[in-house]
Amino acid sequence: MLACRPTDAVPRDASSRLLRSSDTWFLLMHDIRLLRDQLDVLRDGMRRRGKLGEFAPLLDRAESLERERRAAITDLEGQQARRNQLSQEVAQRRKAGDDATALMAEGRAIGDEITALESRRAGAEAAVAQLMYELPNITLADVPEGGEEANTIVRSWGTPRTDGASLKPHWEIGEALGILDLPRGAKISGSGFIVYRGLGARLVRALMNMMLDTHTDEHGYEECWVPLVVNRASMTGTAQLPKFEDDMYALRDEDLFLIPTAEVPVTNLYRDEILEASELPKRLCAYSACFRREAGSAGKDTRGLLRVHEFDKVELVRYATPESALQELELLTSQAEVILQRLGLPYRVVLLAAGDTGFASAKTYDLEVFAPGVGKWLEVSSCSLFTDFQARRANIRYRPAPGEKPRFVHTLNGSALAFSRIIASLFEHWQQPDGSVVIPDALQPHFGRRELR
RNA sequence: GGAUAGGUGGCCGAGUGGUUGAAGGCACCGGUCUCGAAAACCGGCGUACCGGCAACGGUACCGUGAGUUCGAAUCUCACCCUGUCCGCCA
């Protein structure tokens, strides 16, 4: 139950609403109609991510499979209509006391055809779905084309310390103060697992309270405390699955996963529900531990707190109408920035280029804080607008007005903020020549002291 | 973990093999009435897919999946979830 390992399983969760039957076919990452009517939109989306070469053949295959799927449905439904008609006749004849054996025999034959057509439909459908699962979201028009090199710094705040040469990295500071115990973290769990002790542990608790208090009291978010273990349907709803299963910790005996971010449980809170327009924008926040295998990044940032398997984070989640979503991304980003400003840590806001934007995201701002001890900008927040990409998969809708048809919400989220890198930056930025670390004013009421020493 | 009762539309709730997409109620929308509102009354009101320019026609969906049958919300099996009782436990 508690042992963790990645699984290589394909979707098998009975509660998953995906890939089930034609009635839930619409629950896909993209509106399937794009494949028929606006293939060029999908193509252009992949091109902007610099992945047209990778995805063009896939799109062509998907397009023809989609045509096959519809042809199968047309045939299938024709036969089903015949069967329904026939059954009615059987019923009538029986009622009248007439013989119906010939009709029943015909019905059996139709039944066989239906079975065949059904598997043809299911085959085409599964094939299209599998291809569509591979397709990332389409980035918005104002997202720069290209890869990481096209990321754009949109603004910055504060001034990085310039005495970097004489500054220590956070792990030296933390260990010297006895508040960071990396060797014992490695002993009890493995490398990339952190033990905070004494004032270090208290600092984590203070950060949690400061961030949550700010977002609930000042920004109007509802505080949630959510499970750290979620099922496959939730992981699929926010698009961690099926593509990134290797990055997750999975439980051994049950089809459950440790969350990589509170985004997963919080966004899935309203999975398969229809909200009233008056409930939007929905504003939810949660503290959680986050678990990441970091498969494929071995050797990168191995020291200290920069890349760990378990870290803490306060997450902001919003459900918006499509009309207000873009504005709300700006708002959400600024709310995350407030925390950095209050901690007095210099940071910059980076608009990610299309190729660097996450799989499910349509537009992302990263917040990078400067850590002068290691001389690096650290990503401490990623604020994203997912348009309806997640809402389709998780089937989260709202009714624009009473009596109107439901529409998919637009989901957003952002860290505000990730603790471990904040702690790294905080140690390094606020370190003093005597080895102590000053606690920023805004944190003092939560922390109860003015310095670490 | 054991026993037991259940899972039906936005919500509640009828329905045990044949016009049941599903009675009834609530909510919601439109109307009558009213100075206005409430109440009352009348009408409307699920989701998705396929075909069609459209009007419209068709199909699927009663927790999930598989099966029996000419025909399944209704019968069978498996699984998931919920309630109740017992056991265990922070």
Side-chain angles (χ1 to χ4, degrees), chain A residues 1-2 9-28 30-37 65-115 117-122 124-126 128-129 132 225 227-234 236 251 253-256 268 270-280 388 391-409:
Chain A
M1 170 73 190
L2 290 175
V10 292
R12 60 190 141 92
D13 183 0
S15 67
S16 169
R17 303 289 302 276
L18 300 163
L19 289 177
R20 196 178 63 201
S21 54
S22 52
D23 68 300
T24 48
W25 170 249
F26 69 102
L27 300 177
L28 275 174
H30 285 294
D31 188 336
I32 197 69
R33 274 166 289 228
L34 286 176
L35 258 192
R36 320 176 209 161
D37 306 335
L65 280 165
E66 164 60 12
R67 251 182 292 130
E68 158 64 10
R69 183 184 75 91
R70 276 180 291 144
I73 287 175
T74 304
D75 294 350
L76 172 66
E77 294 188 346
Q79 290 304 91
Q80 286 173 323
R82 258 183 84 201
R83 180 184 65 186
N84 289 346
Q85 211 179 343
L86 204 71
S87 300
Q88 294 302 330
E89 281 179 47
V90 171
Q92 280 166 14
R93 287 214 183 185
R94 288 204 154 183
K95 213 176 245 173
D98 294 341
D99 174 64
T101 49
L103 288 179
M104 284 162 68
E106 195 183 337
R108 263 189 292 277
I110 293 176
D112 291 343
E113 271 184 73
I114 287 176
T115 304
L117 286 168
E118 170 58 32
S119 75
R120 184 177 141 209
R121 194 219 84 226
E125 188 167 302
V128 181
M132 294 298 278
W225 193 275
L228 306 180
V229 176
V230 297
N231 59 29
R232 182 172 292 271
S234 295
T236 308
L251 300 199
D253 295 330
E254 295 182 63
D255 201 24
L256 298 171
N268 275 283
Y270 290 89
R271 171 151 50 83
D272 292 326
E273 295 192 36
I274 299 174
L275 297 155
E276 297 299 328
S278 58
E279 296 178 77
L280 300 179
D388 61 359
R392 282 180 185 282
R393 301 168 69 120
N395 193 23
I396 306 164
R397 292 175 293 173
Y398 77 102
R399 207 177 288 282
E404 279 188 41
K405 281 188 169 284
R407 301 169 74 192
F408 291 110
V409 301

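The figures here come from the full heavy-atom set of this structure, side chains too, leaving out hydrogens, waters and symmetry mates. Letters A, B, ... are given to chains in the order of the sequence lines, protein chains preceding strands, and every chain is numbered from 1.
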If I pick the [atom1] atom on [M] and the same atom on [N], what distance separates them, to the nearest angstrom?
| N | M | atom1 | value |
| --- | --- | --- | --- |
| B:C29 | B:G10 | C1' | 14 Å |
| B:G25 | B:C45 | P | 15 Å |
| B:A48 | B:G43 | C1' | 26 Å |
| B:C41 | B:C80 | P | 48 Å |
| B:G21 | B:A73 | P | 8 Å |
| B:C28 | B:G46 | C1' | 13 Å |
| B:G7 | B:U74 | P | 12 Å |
| B:C56 | B:U68 | C1' | 36 Å |

Counterpart base for [N], defined by Watson-Crick or G-U wobble contacts under 3.5 Å:
| N | value |
| --- | --- |
| B:C45 | none |
| B:U32 | B:A40 |
| B:C62 | none |
| B:G7 | B:C80 |
| B:G18 | B:C70 |
| B:C85 | B:G2 |
| B:G57 | B:C50 |
| B:A23 | none |

Looking at [N], I'd like to know if its phosphate oxygens (OP1 or OP2) sit under 4.0 Å from a side-chain N or O belonging to [X].
| X | N | value |
| --- | --- | --- |
| A:Arg108 | B:C70 | yes |
| A:Arg69 | B:C50 | yes |
| A:Asn84 | B:G18 | no |
| A:Lys405 | B:G46 | no |

Of the listed nucleotides [options], the one nearest the side chain of [X]:
| X | options | result |
| --- | --- | --- |
| A:Val90 | B:C70, B:U19, B:C49 | B:C70 |
| A:Met104 | B:C70, B:U47, B:U59 | B:C70 |
| A:Pro406 | B:G18, B:G58, B:U47 | B:U47 |
| A:Ala91 | B:A48, B:G18, B:G10 | B:G18 |
| A:Arg36 | B:U47, B:U59, B:C50 | B:C50 |
| A:Arg70 | B:C49, B:G51, B:G10 | B:G51 |
| A:Arg33 | B:U59, B:C70, B:C49 | B:C49 |
| A:Arg397 | B:C50, B:A48, B:G58 | B:A48 |
| A:Arg399 | B:U59, B:C49, B:G10 | B:G10 |

Can you tell me the distance, in whole Å, between the [atom1] atom of [X] and the [atom2] atom of [N]?
| X | N | atom1 | atom2 | answer |
| --- | --- | --- | --- | --- |
| A:Glu279 | B:C11 | CD | C1' | 13 Å |
| A:Arg271 | B:C81 | CZ | P | 13 Å |
| A:Ile73 | B:A48 | CD1 | P | 15 Å |
| A:Ile110 | B:G58 | CD1 | P | 17 Å |
| A:Asp112 | B:C70 | CG | C1' | 12 Å |
| A:Glu118 | B:C50 | CD | P | 15 Å |
| A:Glu125 | B:C50 | CD | C1' | 12 Å |
| A:Arg82 | B:G71 | CZ | C1' | 15 Å |

Separation between OG1 of A:Thr74 and CZ of A:Arg69, rounded to the nearest 0.5 Å: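 Here the rounded value is 9.5 Å.
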Step-by-step side chain to side chain contact (heavy atoms under 4.5 Å, CB included) determination, A:Asn395 to A:Phe408: CA-CA 7 Å; A:Asn395 193 23; A:Phe408 291 110; 4.0 Å; yes
Taking the basic N atoms (NZ, or NE/NH1/NH2) and the acidic carboxylate oxygens, is any pair closer than 4.0 Å for [X] and [Y]?
| X | Y | value |
| --- | --- | --- |
| A:Asp37 | A:Arg33 | no |
| A:Arg397 | A:Glu273 | no |
| A:Arg120 | A:Asp75 | yes |
| A:Arg70 | A:Glu66 | yes |

Distance-only donor-acceptor test, A:Arg94 side-chain atoms vs B:G18 base atoms, 3.5 Å: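 Check passes, donor-acceptor contact within cut-off.
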Donor-acceptor pair present, A:Gln88 side chain and B:G18 base, under 3.5 Å: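 No, no donor-acceptor pair under 3.5 Å.
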Min side-chain heavy-atom separation A:Val128-A:Met132 under 4.5 Å: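 A:Val128 reaches A:Met132 side chain to side chain.
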Contact summary for A:Ile110 and A:Gln79, nearest pair of heavy atoms: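 Shortest heavy-atom separation between A:Ile110 and A:Gln79 comes out as CG2-O, 3.7 Å.
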Atom of A:Val90, atom of A:Ala100 and distance for their closest heavy-atom approach: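 For A:Val90 and A:Ala100, the tightest heavy-atom pair comes out as CG1-CB, 4.2 Å.
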Toward the 5' end of RNA chain B, by each residue's nearest nucleotide, A:Thr74 or A:Ala105: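 Final value for this comparison: A:Thr74.
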Residue met sooner reading RNA chain B from 5', once A:Ile274 and A:Gly78 are mapped to nucleotides: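 By nearest-heavy-atom nucleotide position, the 5'-most residue is A:Ile274.
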